Amino acid sequence: MDNQGNQNIPQGFSAEPTPHPPPLQSAKAAKPKVKSSFDPFFFIKNFFASSQNVIGIDIGSSHIKIVQLQKSSKGYMITNCIARAIPQGIKENTVEKKKVVQGFLSEFIADARIKTKLGRIGIWGKGVFIFSLTIPNLNKKDLKGAVSIELKKRLPFQMDISKVIFDFFVTGLSRDEKGTVLQVTCIAVDQLAVDEHLQFLKEINIRPVLVNATPDAIGNLLPYCIENAGKKTIVVLDIGSTVTMLNFYKNRDLVFSREIPVSGEHLSRALAKSFTTPQGAITISVDDAEKLKRNCGIPLEEDAHTEYLTDFGPLRGEQISALYRPTLERLVMEVTRTFNYFIKTFKSENIEELYLTGGSSRTINFDRFLLCNLEGLKKVERLNVLKAVKGWADMTVFKRELVMEQAAPHLAVAFGLCLGNGGRVNLLPVKEKIEQKILFFTSVLRMLFPIILGTLLSFYALQYMNALRYRVLIINTDSAVSRLEPTVRQIKEYQDIKVKLEQRKNLIEKAKGKQPLWSGVLKELSNILPKEVSLQRITVGQGQEGREIHLYGKIYTKFNVDVALSQLVLGLNDSPFFNNVELITSKPDMYSTIPAADFDIVCRLTY
């Protein structure tokens, strides 16, 4: 949107105000064309598009703006950037204007040696509708249908709903008497307007990858220009030559937009009048009024007696202010009404900051005038779009655009289109989206086919070489195996003998059974038996619970024989080699000079 000139723009580039009619309970209509709020193909395609530095194009009523950014590790860099005025003489000629704009674009691409053919374009004016809707909390599939139904109620009844393209995004959740509801921003555009934009670009060999409404493109720019943009309500007054939009953003998303019926052209016409000065009567034409507005701006109260040198002689500030007053009072009234409506409807806090974009925002003292006349505002300033970039990728661009800061208000939409995905919505028609997908995959296949073919040929060559190597290896291995056959036979014979020996050993062990450690048993007996005991015979047999050993012998003692035998039994029981020791028989020796007895003791062996 610009601040110069007046024209009848061709359909598709209309500068007429965006209509906001009251909701209509329309009859049943055809289902509109819907674009999903998330498209994976769009994401992949825009990923490649961003790497190729897409062109952002904003065609206003009096200026055309073109921006190309390059993304680096430090951020975005300006590759190419230019804003050119559309000649005053052709603004009323639709055909000539289209030719001039296309010629300028082609010349710019050729002179700047731009390789990419991918373009993003902003759309505004007649046929563009922005609605803030309240939708029940539904899933994604049902949400599209609910938005479609609500959109039918909002659009003008004379519009063919089947020829409307719309996209939407959810901006938040709220609760009412019906429960949880979604706050949705929906942008709808007449398909004819979109088609004319697309045809305009295709005629100069630019492939459109995104069509977006200018308020959403500006919203895409805000996080790069304003600190903590996602934590507060941001209001942007976009003042163009023929259209002024007041946009409200929350969490970086467009939540409400309204056209203000006062634009740069209205300010110029306010000055195009006849009046009397001390030097005589003067008549200011529209062209002279534009020049007067650009040079003198809006005189403030302290400038009332300041004299401004003009082509008509010196003019006091109060004279210029008197010409502006009705138009500016209407502007203040409309902005105030919109502020109050937004605060009441969206339950927002008072608006304290206002940012200005558009060509007419460059008018001298415009920001100071709004700050003084809009109640509650603490800050009014032009949106510094240059904060979104870190510098110039090509210094020749910097030298060519030394007045970049002066041109910056013109470039807000073009910058917003170039950054990231270009906004939350993409209004490309379904047919165009299909063509874009086909073209995208065709380009990818065309690019990947030589790589795939080369890879396959390399893989085949590698496999062939491996096959030859393995064939030689197999021949060598067969030869080695043939040489090793005698040795292998000997090894097999050895293995057979070893197996037989192991089997025989197992049979012997099995036949032999588990045996006690006889050396340990005999040694233990020699340690346990006292010298008064004389063993006469030892026998080993198989008892009910294992092997048993019978000890036959004779015991001598100085005192009681039974006590001595009991001590012997206890000593054998304490040994780890014996258990369950029992005295079977005990026979006293009647002929011995000292107490003596023959005994038979049985012990179960532990092993």
Side-chain angles (χ1 to χ4, degrees), residues 1-6 62 85 88 235-242 244 246 260-339 351-384 403 405-410:
M1 301 180 188
D2 310 307
N3 69 334
Q4 297 180 10
N6 180 22
S62 62
Q88 184 69 28
V235 185
V236 178
L237 185 63
D238 185 23
I239 315 159
S241 175
T242 56
T244 296
L246 187 58
I260 303 297
V262 177
S263 62
E265 187 178 277
H266 291 87
L267 295 176
S268 299
R269 290 184 178 181
L271 297 177
K273 294 181 180 179
S274 299
F275 60 96
T276 303
T277 67
Q279 290 76 26
I282 61 172
T283 300
I284 302 177
S285 65
V286 175
D287 292 339
D288 293 333
E290 186 67 36
K291 184 177 180 181
L292 182 64
K293 181 183 71 173
R294 185 168 57 251
N295 295 334
C296 301
I298 301 175
L300 301 178
E301 185 176 353
E302 59 267 25
D303 302 324
H305 300 291
T306 302
E307 290 190 347
Y308 295 87
L309 297 179
T310 67
D311 295 339
F312 312 100
L315 292 177
R316 293 195 307 275
E318 58 185 359
Q319 292 177 303
I320 300 175
S321 297
L323 298 175
Y324 275 130
R325 184 172 295 112
T327 304
L328 292 177
E329 287 178 350
R330 185 183 181 192
L331 173 64
V332 171
M333 179 188 69
E334 293 291 343
V335 172
T336 301
R337 286 178 55 196
T338 307
F339 280 1
I351 307 300
E352 297 182 348
E353 297 181 2
L354 177 64
Y355 294 90
L356 307 178
T357 61
S360 294
S361 66
R362 297 183 300 172
T363 303
I364 301 173
N365 290 333
F366 192 80
D367 52 345
R368 295 177 61 192
F369 170 81
L370 293 177
L371 182 62
C372 295
N373 289 274
L374 292 174
E375 295 183 2
L377 285 183
K378 298 180 181 179
K379 177 181 177 181
V380 178
E381 66 178 35
R382 298 179 183 88
L383 184 65
N384 186 2
V403 292
E405 291 189 6
Q406 290 295 325
H410 269 307

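The structure displayed is predicted, hence computed values, not measured ones.
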Residue pair F339, L246: steps toward the side-chain contact (heavy atoms from CB on, under 4.5 Å) verdict: CA-CA 9 Å; F339 280 1; L246 187 58; 3.9 Å; yes
Evaluate the side-chain contact (heavy atoms from CB on, under 4.5 Å) criterion for residues C372 and L300: first the C-alpha distance (whole Å), next the side-chain angles of each, then the deciding distance (0.1 Å), finally the verdict. CA-CA 9 Å; C372 295; L300 301 178; 5.5 Å; no
So S268 and E290, side-chain hydrogen bond (donor to acceptor under 3.5 Å, both in side chains) or not? Walk me through it. CA-CA 5 Å; S268 299; E290 186 67 36; 2.6 Å; yes
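Remark: L374 CG to T336 OG1 distance equals 5.0 Å, nearest 0.5 Å. Rounded to the nearest 0.5 angstrom, T242 OG1 and H266 NE2 are separated by 9.0 Å. E381 CD to L371 CG: the interatomic distance, rounded to the nearest 0.5 Å, is 10.5 Å. In this structure, H410 NE2 and S62 OG are separated by 6.5 Å, a value rounded to the nearest 0.5 Å. Atom-to-atom distance recorded for I260:CD1 and I239:CD1 is 10.0 Å, nearest 0.5 angstrom. Between T338 atom OG1 and M333 atom CE the span is 9.5 Å, to the nearest 0.5 Å.
The minimum heavy-atom distance between R382 and S361, with the atom names listed, is NE-O, 2.6 Å. Between Y324 and K293, the shortest heavy-atom distance links the atoms OH-CG, 3.2 Å. E307 approaches P314 most closely through the heavy-atom pair OE1-CB, 3.8 Å. Across I284 and A289, no two heavy atoms sit closer than the pair CG2-N, 3.5 Å. In plain terms, the two heavy atoms of A270 and T327 that are nearest each other are CB-OG1, 3.4 Å. Taking every heavy atom of both residues into account, S360 and G240 meet most closely at OG-O, 3.5 Å.
In this structure, N365 contributes its side chain and P299 its backbone to no donor-acceptor pair below 3.5 Å. Side chain of T306 to main chain of G317: no donor-acceptor pair is present (N/O by atom type, distance under 3.5 Å, no hydrogens or angles).
With sequence neighbours excluded, no residue satisfies salt bridge (charged side-chain N to carboxylate O under 4.0 Å, His left out) with E329. For N373, the side-chain contact (heavy atoms from CB on, under 4.5 Å) partners are V332, F369, not counting sequence neighbours. Every residue was checked against the side-chain contact (heavy atoms from CB on, under 4.5 Å) condition with P326, not counting sequence neighbours, and none meets it. By the side-chain contact (heavy atoms from CB on, under 4.5 Å) test, L323 pairs with L271, K273, F275, sequence neighbours left out. Contacts of E353 classified as side chain to side chain donor-acceptor pair (under 3.5 Å), with partners at least two apart in sequence or in another chain: K232, Y355. Take S285 and apply the side-chain contact (heavy atoms from CB on, under 4.5 Å) test, not counting sequence neighbours, and it matches D287, D288.
Considering only heavy atoms from C-beta on, T244 stays 4.5 Å or farther from V262 through its side chain. Counting only heavy atoms from C-beta outward, the side chains of D303 and I298 never approach each other to under 4.5 Å. Using a 4.5 Å heavy-atom threshold, the side chains of L370 and L237 count as touching.
Annotation: E375, atom CD; neighbour count of heavy atoms from other residues, nucleotides and ligands within 6.0 Å does not exceed 12.
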